[in-house]
Engineer: 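The following block contains the structure, expressed as structure tokens.
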Amino acid sequence: VQLQASGGGLVQAGGSLRVSCVASVFWISRANMAWFRQAPGKEREFVAAIKRGSSETTYADSVKGRFTISRVDAGKILYLQMNNLKPEDTAVYYCAAKNVIVTAPLGTHQDEYALWGQGTQVTVSS
């Protein structure tokens with residue numbers, strides 16, 4: 001498995017959770033990385049992305065101010081800190097990565113990412 005997501009679970013509304021994604025590919029420090037999520041019966045949607053070198057981040061409007069994406073390249077780990085969780089955040093969360101050049105823009109569409117993790121379930125109860 002080249003991207004391994006973990007840390008999902010059941011949390012009450014208003015609570016916090018941090019999901020992680022460990023990469024086993026050697027080029028991960030040169031990758032833009034992102035989190036997407038898919039709720040039951042819905043299409044996969046963008047959550048957050050971070051550029052190689054952590055020079056830039058971007059978020060979906062629905063999570064802005066509540067979620068924080070970060071990465072530790074030395075440990076090949078991508079994080080998503082989720083605060084003030086809402087029932088509508090319930091979904092399977094997927095991490096994704098793409099090896100890019102330094103000047104590549106930060107993508108928010110799943111077609112822009114070549115490598116995907118298996119997903120971790122986050123359930124928020126009301």
Side-chain angles (χ1 to χ4, degrees):
V1 178
Q2 295 178 308
L3 290 179
Q4 180 77 43
S6 63
L10 174 64
V11 63
Q12 288 188 332
S16 298
L17 202 62
R18 188 177 76 168
V19 292
S20 304
C21 176
V22 177
S24 61
V25 292
F26 69 92
W27 46 262
I28 202 63
S29 64
R30 300 196 298 269
N32 286 350
M33 300 188 74
W35 288 98
F36 290 78
R37 67 186 182 186
Q38 188 167 20
K42 295 187 177 181
E43 294 188 352
R44 191 174 298 185
E45 65 175 2
F46 169 75
V47 176
I50 186 167
K51 208 168 183 181
R52 56 178 284 179
S54 301
S55 59
E56 180 183 342
T57 58
T58 189
Y59 297 90
D61 288 342
S62 59
V63 307
K64 203 171 292 184
R66 300 188 298 121
F67 290 12
T68 302
I69 188 171
S70 62
R71 62 193 291 170
V72 179
D73 286 336
K76 299 184 177 180
I77 303 175
L78 176 73
Y79 296 108
L80 183 69
Q81 176 67 43
M82 303 180 288
N83 298 327
N84 190 21
L85 282 159
K86 303 176 180 180
E88 51 264 43
D89 295 319
T90 295
V92 176
Y93 283 71
Y94 298 91
C95 54
K98 183 179 181 181
N99 193 353
V100 297
I101 59 175
V102 173
T103 55
L106 192 52
T108 61
H109 296 94
Q110 55 183 322
D111 292 346
E112 299 176 88
Y113 291 88
L115 188 64
W116 289 82
Q118 86 289 1
T120 185
Q121 176 70 48
V122 172
T123 303
V124 185
S125 62
S126 58

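Both backbone and side-chain heavy atoms feed into the values below; hydrogens, waters and symmetry mates do not.
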Engineer: What is the distance from atom CG of N32 to atom CD of E112, rounded to the nearest 0.5 Å?
Structural biologist: 9.5 Å

Engineer: Using the salt bridge (charged side-chain N to carboxylate O under 4.0 Å, His left out) criterion, which residues pair with D61? Sequence neighbours excluded.
Structural biologist: K64

Engineer: Would you indicate whether the side-chain heavy atoms of L115 and W27 approach each other to under 4.5 Å?
Structural biologist: yes

Engineer: Which pairs count as disulfide bond (SG atoms under 2.5 Å apart) when at least one residue sits in residues 42-83, sequence neighbours excluded?
Structural biologist: none

Engineer: In the hydrophobic clustering that connects Ile, Leu, Val, Met, Phe, Trp and Tyr at side-chain heavy-atom distances below 4.5 Å, which members other than L10 occupy its cluster, ordered by chain and number?
Structural biologist: none

Engineer: Between W35 and V63, does the side chain to side chain contact (heavy atoms under 4.5 Å, CB included) criterion hold? Intermediate values first, please.
Structural biologist: CA-CA 12 Å; W35 288 98; V63 307; over 6 Å; no

Engineer: Can you name the closest pair of heavy atoms from A23 and I28 and give their distance?
Structural biologist: CB-CG1, 3.5 Å

Engineer: What side-chain donor-acceptor pairs closer than 3.5 Å can you find for residues 82-89, not counting sequence neighbours?
Structural biologist:
from, atom 1, to, atom 2, distance (Å)
N83, OD1, S16, OG, 2.9
N83, OD1, Q81, NE2, 2.9
D89, OD1, R37, NH1, 2.9
D89, OD1, R66, NH2, 3.0
D89, OD2, R66, NH1, 2.8
D89, OD2, R66, NH2, 3.4
D89, OD2, K86, N, 2.8

Engineer: Could you note down all residue pairs passing side chain to side chain donor-acceptor pair (under 3.5 Å) where residues 4-15 supplies at least one of them, sequence neighbours left out?
Structural biologist: none

Engineer: Which pair of non-hydrogen atoms, one from S20 and one from I77, has the smallest distance, and what is that distance?
Structural biologist: CB-CG2, 4.4 Å

Engineer: Tell me the closest heavy-atom pair linking L3 and Q118, and the distance in Å.
Structural biologist: O-OE1, 3.5 Å

Engineer: Quick one: name the residues clustered hydrophobically with Y113, using the 4.5 Å side-chain heavy-atom rule over I, L, V, M, F, W, Y, and just say none if it's on its own.
Structural biologist: F36, F46, V92, Y94, L106, W116

Engineer: Taking only distance into account, with no hydrogens and no angle test, what donor-acceptor pairs under 3.5 Å do side-chain atoms of residues 50-59 form with protein atoms, sequence neighbours excluded?
Structural biologist:
from, atom 1, to, atom 2, distance (Å)
K51, NZ, A104, O, 3.3
R52, NH1, V100, O, 2.6
Y59, OH, I69, N, 2.9

Engineer: Taking salt bridge (charged side-chain N to carboxylate O under 4.0 Å, His left out) as the definition, give me every residue that meets it alongside R30, ordered by chain and number, with sequence neighbours left out.
Structural biologist: none

Engineer: Which pairs, with at least one residue in residues 60-84 and sequence neighbours excluded, count as a ring-ring contact (aromatic ring centres under 6.0 Å, His included)?
Structural biologist: none

Engineer: If the condition is side-chain hydrogen bond (donor to acceptor under 3.5 Å, both in side chains), which residues does T123 pass it with, not counting sequence neighbours?
Structural biologist: Q121

Engineer: Just grab all the disulfide bond (SG atoms under 2.5 Å apart) pairs involving residues 29-94, residues at least two apart or on different chains.
Structural biologist: none

Engineer: Quick check for you: to the nearest 0.5 Å, what is the distance between L80 atom CG and R18 atom CZ?
Structural biologist: 10.5 Å

Engineer: Can you give me the closest heavy-atom contact between R71 and A31, atom names plus distance?
Structural biologist: NH1-O, 2.7 Å

Engineer: Test: disulfide bond (SG atoms under 2.5 Å apart). Region: residues 43-126. Which pairs qualify, not counting sequence neighbours?
Structural biologist: C21-C95

